[in-house]
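All ligand and atom numbering here is 1-based and tracks the order in the structure. Fair warning: this is a prediction, and the values are worked out from it, not measured in the lab. Start at 1 with the first residue, then count along the sequence.
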Amino acid sequence: MEILRVIQKSFGVLLLFTSTFAHDLSNSTAPYIFNELYSLLIHWPNNFHPNGHTIVPGILEPYTLLYHARKDTANPPPSPEWLAFDPEMSYAVMATKIPGPTYMYTYRTTRPAKILYFNGMSAAWGEGWLDTQYTVITGMGKTNGSRNNDVSLWDDYGRAKGLCEWGQHRGFEGIVRMNAGFEVIWCDFDSSSLRFVSSLNITPPGTPEARRSFPFPHNAIQHTGYRDSAEELPLRPPDRGPGRDRRPGGGGDPGRHGPWGMITAPLAHSGFLEWMRAATRYKSTTQPHISLYTHQMVSFYHPRYHSLYPSRSGKLMQEHFIWEHVSDEDVCVFLEELDSVVRADLQGTGFDWQAAALDVVAFWSDRIAQMQNLLEGVNRTSNLTQVVTAVQRLSYSPLDPFIAYGEALNASGHDIFFKLRSSPSLLDGTIAPNTTAFERCTYSSTEFLVDPELQALMTPQERVLLMSMETVLERLCTDFGILLAESTDATDSDSFSILVSAWHDRMTSLMGWLEWSSWLRCEELCDLDSVCSMPAWPITWGGGAPGTPGRDNPNIDFLKPTCRKLNMW
Ligand SMILES: *[C@@H]1O[C@H](CO)[C@@H](O)[C@H](O)[C@H]1NC(C)=O
Ligand SMILES: *[C@@H]1O[C@H](CO)[C@@H](O)[C@H](O)[C@H]1NC(C)=O
Ligand SMILES: *[C@@H]1O[C@H](CO)[C@@H](O)[C@H](O)[C@H]1NC(C)=O
Ligand SMILES: *[C@@H]1O[C@H](CO)[C@@H](O)[C@H](O)[C@H]1NC(C)=O
Ligand SMILES: *[C@@H]1O[C@H](CO)[C@@H](O)[C@H](O)[C@H]1NC(C)=O
Ligand SMILES: *[C@@H]1O[C@H](CO)[C@@H](O)[C@H](O)[C@H]1NC(C)=O
């Protein structure tokens with residue numbers, strides 16, 4: 001009898017679930033697009049989801065300081081070359097591991113410079129991380145019949161040239177990417193958008209002399225510090241990054257022996273640790289010197305790219321590999337979209353989509369984690385009455401702005417959220433259409449965009465973001481609405497344990513669907529001589545560590561942030 005009631009209840013929930021989701025969310029790319037949107041220019045989400053599928057045009061702000069370290073005094077350097085936002089990055093790359101003198105060049109932008117931004121850990125050498133760039137450079141997918149585009153991880157200058165070639169024709173001055181720091185591939189050092197500030201011989205005392213000269217441009221030393229063929233450095237790119245430490249989750253030790261195991265000048269010993277410090281600055285805030293045109297965001301997560309369906313079906317975002325799956329046709333459509341976006345340069349609605357996505361994450365993220373933690377902790381000794389009450393309060397709080405309880409104090413939890421319609425009064429005296437609390441919740445970020453004037457301004461790229469935002473909110477509002485409805489309407493304490501277990505499943509499924517990096521944190525408070533750091537290539541990424549997620553190994557525990565010491569004794 002009791003079991004039957006519970007089954008009926010679950011069945012009701014099931015019906016509700018399918019009837020409130022207008023589309024099949026299990027096959028939706030909305031959560032991926034949402035992740036790409038909220039992660040733009042932020043470190044941790046891009047460490048967590050390194051296989052960026054997204055390109056966004058934008059500008060590098062005027063008067064931004066940029067750094068470039070090199071082993072010779074060529075001024076201007078041959079183009080293209082790399083500029084870092086953090087001097088620690090330039091220093092670590094050139095002064096700590098490579099013999100011979102180091103010169104630090106400082107630049108400042110003179111005006112807004114158009115840049116093209118690649119999301120993900122896009123400046124790192126790893127399988128999947130460079131895939132979007134490969135499509136831009138080659139204009140096709142990796143394989144087609146017997147063709148197999150051979151792409152060398154080593155060929156950073158080749159990539160830089162290819163990307164600049166695509167971008168310069170379209171007015172871009174640089175390509176912005178991320179590894180353990182943000183960097184710009186600057187396409188033309190003769191451009192008046194960049195003012196040379198200074199160059200200084202910063203070689204730390206005790207730096208070994210170069211055993212042979214380091215010719216520039218380009219063919220010997222990569223900006224990352226690797227070289228193709230030199231006795232001082234390893235000859236082969238590491239499989240997933242230059243880390244030597246193969247402890248699971250240990251990451252490469254960025255200290256004395258550095259990722260390359262080279263002995264450095266005594267003063268430069270902490271160079272890589274200081275880079276790690278810099279890398280944690282923007283772990284959850286955007287790099288502040290770049291403005292992106294999110295209304296022009298182009299993504300391989302657009303649902304129309306059918307060739308990519310197998311690349312993500314049943315997989316974590318860390319396992320989504322574009323390059324080997326994408327058809328030439330889909331690459332062509334993607335590049336045509338990017339090209340037309342750049343050429344048309346539409347202004348869009350002016351809505352700050354990333355801010356809206358970050359608002360959603362900020363509003364929901366810790367509540368979801370708290371709810372999951374609460375439900376996970378339930379055991380045979382728990383007082384289920386208290387658990388149900390806690391679930392009711394915790395699910396009610398994010399929904400309360402949308403619930404017109406004052407109009408129906410006696411309504412059931414289900415009716416008040418999913419069924420009863422009410423019309424919020426508007427200040428200008430007009431009457432808003434009757435909506436349910438569920439609808440008000442789902443459209444809370446985007447309802448204003450129904451305005452015909454804004455509809456006319458909306459770019460096709462914004463429509464994709466709109467779909468993604470509303471789908472993500474629809475799922476959040478549904479899942480929390482069901483928890484609220486069931487916890488409010490549950491009267492029979494015999495049903496509590498089945499409900500609690502179903503809620504736990506629901507939260508687990510929600511978190512798996514969202515894949516937010518916002519749940520990452522160091523479990524302990526880091527000491528003042530430490531930073532809370534995620535594995536980030538190349539400084540703290542244990543190359544080929546058993547826990548490295550990605551192909552054949554979806555062990556995302558590897559990516560957990562930990563406190564890492566900034567000193568070396
Ligand atoms: C999901 O999308 C793919 C590609 O569009 C399609 O082939 C597949 O049938 C869809 N699956 C479901 C369950 O809708
Ligand atoms: C392979 O190349 C041919 C000829 O360029 C093209 O028509 C076809 O669409 C390509 N197939 C895939 C799967 O990319
Ligand atoms: C049950 O949960 C409580 C509180 O979360 C905890 O203190 C207790 O040790 C748990 N008991 C068992 C048997 O796991
Ligand atoms: C469980 O919690 C409720 C509400 O706090 C309380 O009234 C009830 O006595 C508790 N039950 C037990 C067995 O402790
Ligand atoms: C709610 O229900 C109670 C008890 O049935 C009743 O006395 C009260 O008038 C109802 N309140 C409203 C606002 O309908
Ligand atoms: C909204 O619903 C209420 C209650 O059903 C009804 O009284 C009101 O006329 C409706 N308003 C509109 C604009 O449909």
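Contact check on Glu470 versus Arg475 returns no salt bridge, with no Lys/Arg side-chain nitrogen under 4.0 Å from an Asp/Glu carboxylate oxygen. Salt-bridge check for Glu523 with Lys560: failed, with every basic side-chain N at 4.0 Å or more from each acidic carboxylate O.
By the 4.5 Å heavy-atom criterion applied to side chains, His295 and Phe351 are not counted as neighbours.
The sulfur atoms (SG) of Cys526 and Cys563 lie less than 2.5 Å from each other.
Of the N and O atoms on the side chains of Ser122 and Gln133, not one donor lies less than 3.5 Å from an acceptor on the other residue.
Closest non-hydrogen pair, Ala404 versus Ile416, comes out as O-CD1, 3.8 Å.
For ligand 3, the 4.0 Å heavy-atom shell takes in Gly377, Asn379, Thr381, ordered by chain and residue number.
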